[in-house]
*Asks:* 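Take a look at the following structure, please.
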Amino acid sequence: MSRIQWRLKEFPKKLVNCIRFRYHYSLQCIRSLTYNHHMSQSYASDVCLEPIFWFVDNFTHLLGPFFVFAVVCLTAAVVIICYWIGLPYWWKKSPNTTYFLLVVGNWLLVNVAWNFYKAAATSPGYPPEKELIIEAVSICKKCIAPKPPRTHHCSVCNRCVLKMDHHCPWLNNCVGYGNHRYFFLYMLYTTVGVLFIIVFGFELGYNVLIVGDGEGWNEVEPLHGHPVRFNLSGHIIPVTEMNDYVDDGLAPAEHDLPVPQEYSSNAAKHRAIIFMALINVATLFALGALTSWHSSLITRGETSIEAHINKSETKRLSALGKSYQNPYDFGPRRNWRLFLGLVRKRTWWRHILLPSGHKPEGNGLTWLTVNDFIAIDDRDDEWP
């Protein structure tokens with residue numbers, strides 16, 4: 001056997017061995033990231049995601065105005081379509097129902113607009129700078145400044161935020177002590193608003209998108225030919241006049257049957273209804289889930305960040321045979337009253353169902369805990 005033939009025969013084996021070696025070598029490199037005591041899979045994941053974190057930290061504040069503009073445009077488009085298509089539809093169907101829809105719809109719109117503006121324009125609250133903060137419990141590693149309780153550093157705003165929940169790009173603002181209530185009420189009223197539109201616009205959307213062209217009849221192809229009628233003997237006689245009753249001295253037939261609205265004559269209306277169906281259903285699921293999540297957090301007296309901290313502490317203490325108690329959980333009823341600011345004789349009707357600019361209780365630097373609550377009379381209704 002010649003040398004060339006031998007090489008050709010051994011080439012497949014060498015190729016397979018080379019591929020196998022490269023595979024095992026790559027696998028060993030990946031495993032080496034979590035091999036020593038100072039490395040873990042979580043840390044390796046953070047390193048891989050570091051470019052994404054860098055992009056979010058450095059460019060989210062630049063994209064914020066565009067997100068705010070998008071929210072305003074989408075909200076305005078939905079409202080315009082409701083007045084353009086929905087209002088005439090319901091007015092022709094029932095004027096009394098239209099009055100009800102106008103009152104409820106505009107009430108929801110005012111609350112949505114008010115709470116969105118306040119959530120975006122109100123400062124979430126920041127620790128005082130260059131001052132002695134006696135309430136501080138730690139030092140921020142990024143600001144190198146004292147941190148009061150429930151304060152966390154926002155990498156997008158590049159500063160500490162009092163009772164920080166998260167940074168919301170749709171508001172171009174942090175959600176914290178000063179505007180958390182506005183943020184939640186905006187989500188709540190928006191969710192109720194899109195559900196309101198879906199419920200009272202379902203019939204209209206069904207007639208246009210499901211039944212077909214908004215008329216109730218689907219004509220597969222146009223009719224051709226000449227109109228005819230049958231005489232008494234059963235013979236077919238062509239109709240030469242559109243009103244064939246004139247020769248018999250009879251007036252045309254009249255009826256009070258409802259005449260379907262012709263939406264198909266305007267393709268823009270048809271596309272607008274499709275847009276409404278998509279945007280409202282998507283908003284209902286997305287914002288509805290977020291509202292439900294934040295409702296559960298408020299019920300437990302914690303923020304989004306504190307939920308992760310409390311979960312870790314609960315797991316850590318459980319391994320030691322101990323139980324963890326959230327120091328800011330006063331029970332569902334009191335947690336909600338504190339969050340909504342329903343103290344000092346404030347009421348649901350005036351300060352929640354109607355736009356209200358009342359500020360949260362306290363200064364954001366000190367917080368009551370369950371230990372402080374022991375000294376408060378549980379029967380005192382002045383405190384939540």
Side-chain angles (χ1 to χ4, degrees), residues 63-120 168-172 183 185-223 257-292 355:
L63 299 177
F66 295 97
F67 284 115
V68 174
F69 180 74
V71 172
V72 173
C73 290
L74 288 175
T75 305
V78 169
V79 173
I80 291 173
I81 293 174
C82 286
Y83 275 93
W84 173 34
I85 300 178
L87 184 60
Y89 173 84
W90 277 102
W91 179 260
K92 188 171 184 179
K93 186 175 182 179
S94 174
N96 292 330
T97 304
T98 306
Y99 293 135
F100 166 77
L101 296 180
L102 282 173
V103 172
V104 176
N106 283 283
W107 166 67
L108 291 171
L109 177 61
V110 169
N111 277 286
V112 168
W114 166 263
N115 287 291
F116 178 78
Y117 167 75
K118 294 294 288 184
C168 180
W170 300 102
L171 298 175
N172 193 30
F183 167 76
L185 290 179
Y186 163 72
M187 292 194 303
L188 179 63
Y189 279 115
T190 302
T191 303
V192 175
V194 297
L195 183 61
F196 173 81
I197 294 174
I198 291 174
V199 170
F200 290 97
F202 180 81
E203 181 180 357
L204 175 60
Y206 178 82
N207 291 334
V208 174
L209 304 178
I210 306 300
V211 175
D213 293 334
E215 296 183 10
W217 296 279
N218 286 322
E219 187 176 308
V220 178
E221 59 183 17
L223 297 177
L257 298 176
V259 179
Q261 302 182 31
E262 298 181 358
Y263 291 101
S264 59
S265 61
N266 193 338
K269 290 184 177 180
H270 190 272
R271 290 194 294 267
I273 293 175
I274 295 178
F275 167 79
M276 289 287 283
L278 295 176
I279 197 67
N280 282 285
V281 171
T283 303
L284 178 64
F285 280 98
L287 208 57
L290 190 60
T291 304
S292 176

*Asks:* Mark yes when over 12 heavy atoms from residues, nucleotides or ligands other than Phe196 sit less than 6.0 Å from its CZ; otherwise mark no.
*Replies:* yes

*Asks:* Would you say the ring centers of Trp170 and Phe183 fall short of 6.0 Å from each other?
*Replies:* no

*Asks:* What heavy-atom pair brings Cys82 and Ile197 nearest, and what distance separates the two atoms?
*Replies:* SG-CD1, 3.9 Å

*Asks:* Testing the basics here: between Leu102 and Asn106, what is the closest heavy-atom pair and its distance to 0.1 Å?
*Replies:* O-ND2, 2.6 Å

*Asks:* Please check if the side chain of Trp90 supplies one atom and the backbone of Phe200 the other of a donor-acceptor pair under 3.5 Å.
*Replies:* yes

*Asks:* Which residues pass the side chain to side chain contact (heavy atoms under 4.5 Å, CB included) test with Trp114, sequence neighbours left out?
*Replies:* Lys118, Tyr182, Pro355

*Asks:* Please check if the number of heavy atoms outside Phe275 that lie under 6.0 Å from its CZ is greater than 12.
*Replies:* yes

*Asks:* Identify the heavy atoms of Leu108 and Gly193 that sit nearest to each other, and give their distance.
*Replies:* CD1-CA, 3.9 Å

*Asks:* Less than 4.5 Å apart, any side-chain heavy atom of Val68 and any of Phe116?
*Replies:* yes

*Asks:* Can you name the closest pair of heavy atoms from Leu171 and Ala120 and give their distance?
*Replies:* O-CB, 3.6 Å

*Asks:* Between Thr190 (side chain only) and Tyr186 (backbone N and O only), is there a donor and an acceptor less than 3.5 Å apart?
*Replies:* yes

*Asks:* Return the orientation label for the Trp107 and Tyr189 ring planes: parallel under 30°, perpendicular over 60°, tilted otherwise.
*Replies:* perpendicular

